Protein chains: 2
Amino acid sequence: MDLSGRTVGYDELRTLKMLALAGALGGESKVSCSGLAGKLDASTQTASRRLQRLDEEGLVEREIVSDGQWVSITSEGEALLQREYAHYQRIFESQVGVTLTGALTSGMNEGGHYITLPGYMRQFTEKLGYEPFAGTLNVDLDAESVRERARMDALDPTVIEGWEDEERTYGPAYCYPATVEFDAGTYDQAHVIAPERTHHGDDQLEVIAPDKLREQFDADDGDTITIHVHE
Amino acid sequence: MDLSGRTVGYDELRTLKMLALAGALGGESKVSCSGLAGKLDASTQTASRRLQRLDEEGLVEREIVSDGQWVSITSEGEALLQREYAHYQRIFESQVGVTLTGALTSGMNEGGHYITLPGYMRQFTEKLGYEPFAGTLNVDLDAESVRERARMDALDPTVIEGWEDEERTYGPAYCYPATVEFDAGTYDQAHVIAPERTHHGDDQLEVIAPDKLREQFDADDGDTITIHVHE
DNA sequence: ATTACTAAGCACCGAGTAA
DNA sequence: TTTACTCGGTGCTTAGTAA
């Protein structure tokens, strides 16, 4: 299973979790290798190495001072912890699924172009059971939802394979079944579609559906909509 | 940091988590080494070995059949996952603390004897700021609370050191600040006291306080009481 | 197809050391 | 005190094989 693609061992994640518990998530936290080594039940060398590695991977930022170091977890590191948390939530909480809210936007609508390409379209028909309307519904997620979104990683998506033509390659995408709530009503045969690797902090969400939702629900830019991503 | 004392590597925990996600928590789940290997991004041999190890540690139970194996996570394994979950909750949830409910009981009241020993009493005065009443309030936790209790591990307790006299040694104990709710009212200067290593499935909880709570709140055996363990 | 053993390779760990 | 380097030893991983 991916830990965000990189070569991050699970022991590193454990170290990252320790740092988060030590308060390195909100902002900087003063850490010493010997102190960390104690918590990890390992040598100071190992603690030092783990911190270096986390640094190299971009999961933490450090400022080394004479009597220790100031460590803060980056947004990438936070995303990793969120993903792990989402797994445990999925294990222990009966309430699965993620509810996101945001404002409808036209955005750049790049997605709308891509999904019509035959390499993708064929797979939608096959794997989702419908041919999506040739455009995506774009949502500007609110801050809370941008964070919540990480929990989608705990669900298992329908994987749309990447492919290539003569000119370029097209990356894989993940589809999550979703229900969309508009002011005018609810639509429940939609899917959230996301590139294989969602950048943390991305506040754009794209939805596909067999129908032109914007028209069907008479929705305009700025309307607040709620997306319930289910399992 | 302890993973329940035993030599359980973090990689094993990761495997256990995967099994839980595969449904091995509620009951048995059919697993094959190759499938598990895929999820773990490791070889089938490693998957096999991890399962063996989890079995040896008593964290899972297995029944090997011709085309795979049926795996179920033991209560000990579940406790381990709960502890890990509690850590993440502590990281991400502002609402920390654990609320437990149960029935008042006289029990054997072993604790009541121990706490009066000078080796402990001295530390209570010093570290908790009061001299506890010479008896513990014993609570029979309900099933839900027995599970919830694992989350206390994510809080950091006041540690009462172990000691010894000529005859025997006395183990260390953990104290967690707590508020106790009786029918007759609420008391908020209490502590839950637990031996260093709580046995999973233990449904007994012991509370100490400067006053004789049973008398002060006119409580009898069988009364339902709520204990809120805070940070 | 399974699970799991053995053996070779390699990555990780920690002692010692430097700055 | 720190952090982090080098360097042996250990133990985990994987390929191959057996059942």
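Because only heavy atoms are used, hydrogens play no part in the values below, and waters and symmetry mates are left out as well, while side chains stay in. Just so it is clear, the structure is predicted and the values come from calculations on it, not from any experiment. First the proteins, then the strands, lettered A, B, ... as listed; each starts at 1.
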Discussion item. Counting the benzene-type ring for Trp, do B:H191 and B:Y130 have ring centres under 6.0 Å apart?
Written reply: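 So the answer is yes for these two rings.
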Worksheet item: B:L51 or A:T46: which one's nearest nucleotide on DNA chain C is closer to the 5' end?
Response: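 Taking each residue's closest nucleotide, the earlier one in sequence belongs to B:L51.
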Interatomic distance where [atom1] belongs to [X] and [atom2] belongs to [N] [whole Å]:
X: B:I64; N: C:dC5; atom1: CD1; atom2: P; answer: 10 Å
X: B:L54; N: D:dC12; atom1: CG; atom2: C1'; answer: 15 Å
X: B:Y10; N: C:dC12; atom1: OH; atom2: P; answer: 17 Å
X: A:E12; N: C:dA11; atom1: CD; atom2: P; answer: 14 Å
X: B:L36; N: D:dT14; atom1: CG; atom2: P; answer: 12 Å
X: B:R14; N: D:dT13; atom1: CZ; atom2: P; answer: 11 Å
X: B:Q45; N: C:dT2; atom1: CD; atom2: P; answer: 13 Å
X: A:Q69; N: D:dT3; atom1: CD; atom2: P; answer: 5 Å

Practice prompt. Please check the phosphate of D:dT2 (OP1 and OP2 only) for any side-chain N or O of A:S34 closer than 4.0 Å.
Written response: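 Yes, such a contact exists.
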Worksheet item: B:R49 side chain N/O closer than 4.0 Å to the phosphate oxygens (OP1, OP2) of C:dA4?
Response: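 Answer no for this pair, as no side-chain N or O of B:R49 is under 4.0 Å from OP1 or OP2.
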Worksheet item: To 10°, what angle do the rotation axes through the five end pairs on each side of the helix from C:dT2-D:dA19 to C:dA19-D:dT2 form?
Response: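 One end axis against the other gives 40°.
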Fill in: Residue from B:D202, B:L100, B:T101 passing side-chain contact (heavy atoms from CB on, under 4.5 Å) with B:L141
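Result: among B:D202, B:L100, B:T101, B:L100 is the only option passing the side-chain contact (heavy atoms from CB on, under 4.5 Å) with B:L141.
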Discussion item. Donor-acceptor check, side chain of B:T74 to backbone of B:G58, threshold 3.5 angstrom: yes or no?
Written reply: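 Yes; judged by distance alone, with no hydrogens or angles, the pair exists.
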Worksheet item: Taking B:S29 for the side chain and B:A22 for the main chain, is one N or O donor matched with an acceptor at less than 3.5 Å?
Response: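 Indeed, once roles are kept as given, a pair shorter than 3.5 Å links the two residues.
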Among the candidates [options], find the nucleotide nearest to the side-chain atoms of [X].
X: A:S48; options: D:dA4, D:dT2, C:dT3; value: D:dA4
X: A:R50; options: D:dT2, C:dA4, C:dC13; value: C:dC13
X: B:R62; options: D:dA4, C:dT3, C:dA4; value: C:dA4
X: B:S32; options: D:dT2, C:dT2, C:dC5; value: C:dT2
X: A:R53; options: D:dT3, C:dC13, C:dA4; value: C:dC13
X: A:Q52; options: C:dA4, D:dC5, D:dT14; value: D:dC5

Item to complete: Hey, could you give me the CD/OG1 distance between B:E131 and B:T125, rounded to the nearest 0.5 Å?
Response: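 Separation between the atoms: 5.0 Å.
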Fill in: Inter-residue atom distance A:T46.OG1 - A:D41.CG, 0.5 Å rounding
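Interatomic distance, A:T46 OG1 to A:D41 CG, rounded to 0.5 Å: 10.5 Å.
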Practice prompt. Find out whether the Lys NZ or Arg CZ of A:R14 is both under 6.0 angstrom from the six-membered ring centre of A:Y10 and within 45° of the ring's axis.
Written response: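 Verdict for A:Y10: no cation-pi partner in A:R14.
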